[in-house]
There are 2 protein chains.
Amino acid sequence: MAGAAEPKQDVFQAIADPTRRRLLRLLDGGEQPVTALSGHFPISRTAVSKHLRILQDAGLVHERKVGRETRYRLDAEPLLELKRWLAYYERYWENKLGALKRFVEDEEAAE
Amino acid sequence: MAGAAEPKQDVFQAIADPTRRRLLRLLDGGEQPVTALSGHFPISRTAVSKHLRILQDAGLVHERKVGRETRYRLDAEPLLELKRWLAYYERYWENKLGALKRFVEDEEAAE
DNA sequence: TTGACGCGAAACCTTAAGGTTTCATATAAT
DNA sequence: ATTATATGAAACCTTAAGGTTTCGCGTCAA
């Protein structure tokens, strides 16, 4: 079967930009067209559009044309690579930072 | 008490560069001086030194002068921010991507 | 059909990122 | 004392990143 294909852009790179991280969050609320998204930023629609392209090249979002608009949808799957990368360092805070770990978990629970 | 201080550089930004991610991995083996580290890269020692400074500004490494050398040590703690950010999307692969999740876990186990 | 809307492509600008080489300084070794 | 090591600061170069504005095209509404 087809399988992997998309790695045109690095995930780490893609999420490095705060605007792009925010876009992902916004899309968490569901599929949305470009203009709706760009309304949340102080930059031009075109600029937002470019960020969306980068996210798409990293496989984090997918577009779908509906009439005259292009709707973007979140795809969290590529974040698993990040999760795996992070897992490598997991032991650091499991072994040495027990107290801190508990603190963070409390934070997570409280959110 | 003192507490937080360092966020001179964004963690997401810091780990966006592959060279820097590799430096973190190398430091996982323990404290090391600049020259030892730079031996693993095709770039100049000075360039590596700059990457180390960026990692340090993000709190991911700490330096310690020993004689004429500067030894760098890994500090994984700032990665917790990344972990928390990621946790937000956790449900995506927990709810919708069960099969994929299992696949990845197998991958992790096999590694 | 005539507009208005929604969007991407192009061309262009500015600045930050990643690199390099050269130089100065502190510490170690002879 | 002299020489060799280890490293950061400076100055500089090139390219990619993030933005902007202008333009063209397909689509929906009057």
Side-chain angles (χ1 to χ4, degrees), chain A residues 6-27 29-75 78, chain B residues 6-27 29-75 78:
Chain A
E6 321 136 17
K8 269 179 60 188
Q9 271 270 339
D10 180 41
V11 179
F12 290 89
Q13 235 282 104
I15 64 162
D17 185 280
T19 297
R20 289 197 287 269
R21 288 200 297 276
R22 217 172 137 206
L23 276 170
L24 293 180
R25 275 294 184 101
L26 287 170
L27 286 173
E31 191 184 60
Q32 285 185 53
V34 181
T35 302
L37 290 168
S38 80
H40 296 81
F41 302 89
I43 63 180
S44 73
R45 175 186 50 76
T46 307
V48 172
S49 196
K50 282 195 202 168
H51 281 301
L52 286 167
R53 155 109 32 235
I54 291 173
L55 288 173
Q56 179 166 256
D57 288 347
L60 287 165
V61 303
H62 294 291
E63 65 174 52
R64 168 180 151 236
K65 306 257 182 186
V66 176
R68 59 185 159 185
E69 57 186 29
T70 306
R71 300 195 187 147
Y72 285 86
R73 166 178 62 79
L74 172 64
D75 180 356
Chain B
E6 319 138 17
K8 268 180 60 187
Q9 270 270 340
D10 179 42
V11 178
F12 290 90
Q13 234 286 101
I15 64 163
D17 186 281
T19 298
R20 289 195 288 268
R21 287 199 297 276
R22 219 173 134 205
L23 277 171
L24 293 181
R25 275 296 184 101
L26 286 171
L27 287 174
E31 191 183 60
Q32 285 184 54
V34 181
T35 301
L37 290 169
S38 81
H40 296 81
F41 302 89
I43 63 181
S44 73
R45 176 186 51 74
T46 307
V48 171
S49 196
K50 282 195 202 171
H51 281 300
L52 286 168
R53 155 111 28 236
I54 291 173
L55 288 172
Q56 180 166 257
D57 288 345
L60 287 164
V61 303
H62 295 290
E63 64 174 53
R64 170 181 149 236
K65 307 256 184 187
V66 175
R68 59 185 158 184
E69 58 187 27
T70 305
R71 298 194 189 149
Y72 285 87
R73 166 177 62 80
L74 172 63
D75 179 357

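The sequence lines fix the lettering, A, B, ..., with proteins before strands; numbering per chain opens at 1. Values in this document were obtained by computation on a predicted structure and should not be read as measured data.
- Listed by first and then second residue, the salt bridge (Lys or Arg N to Asp or Glu O under 4.0 Å) pairs involving residues 42-53 of chain B amount to none (not counting sequence neighbours).
- Here Y72(B) reaches the OP1 or OP2 of dG8(D): one of its side-chain N or O atoms lies under 4.0 Å away.
- Checked against side-chain contact (heavy atoms from CB on, under 4.5 Å), S44(A) has the following partners two or more places apart in sequence or in another chain: T46(A), A47(A).
- If you find the closest nucleotide of DNA chain D to T35(B) and to V66(A), the one lying nearer the 5' end belongs to T35(B).
- For the pair L52(B) CG and dA6(D) P, the computed distance is 16 Å after rounding to whole Å.
- Screening residues 58-69 of chain A for salt bridge (Lys or Arg N to Asp or Glu O under 4.0 Å) gives E31(A)-R64(A), E69(A)-R71(A) as the qualifying pairs, with residues at least two apart or on separate chains.
- Side-chain nitrogen and oxygen atoms of T70(B) include at least one within less than 4.0 Å of the OP1 or OP2 phosphate oxygen of dG8(D).
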Sequence-aligned protein contact record of nucleotides 16-26 of chain D, with B where the base is within under 4.0 Å of a protein heavy atom and S where only the sugar-phosphate is:
-SSBBB----B
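- Applying the salt bridge (charged side-chain N to carboxylate O under 4.0 Å, His left out) criterion to R22(A), with sequence neighbours excluded, gives no partner residue.
- Between E69(B) atom CD and dA28(C) atom P the separation is 9 Å, expressed in whole Å.
- Under the 3.5 Å distance criterion, the side-chain polar atoms of Q13(B) are left unmatched by any main-chain donor or acceptor of D17(A).
- Checked against salt bridge (charged side-chain N to carboxylate O under 4.0 Å, His left out), R73(A) has no partners two or more places apart in sequence or in another chain.
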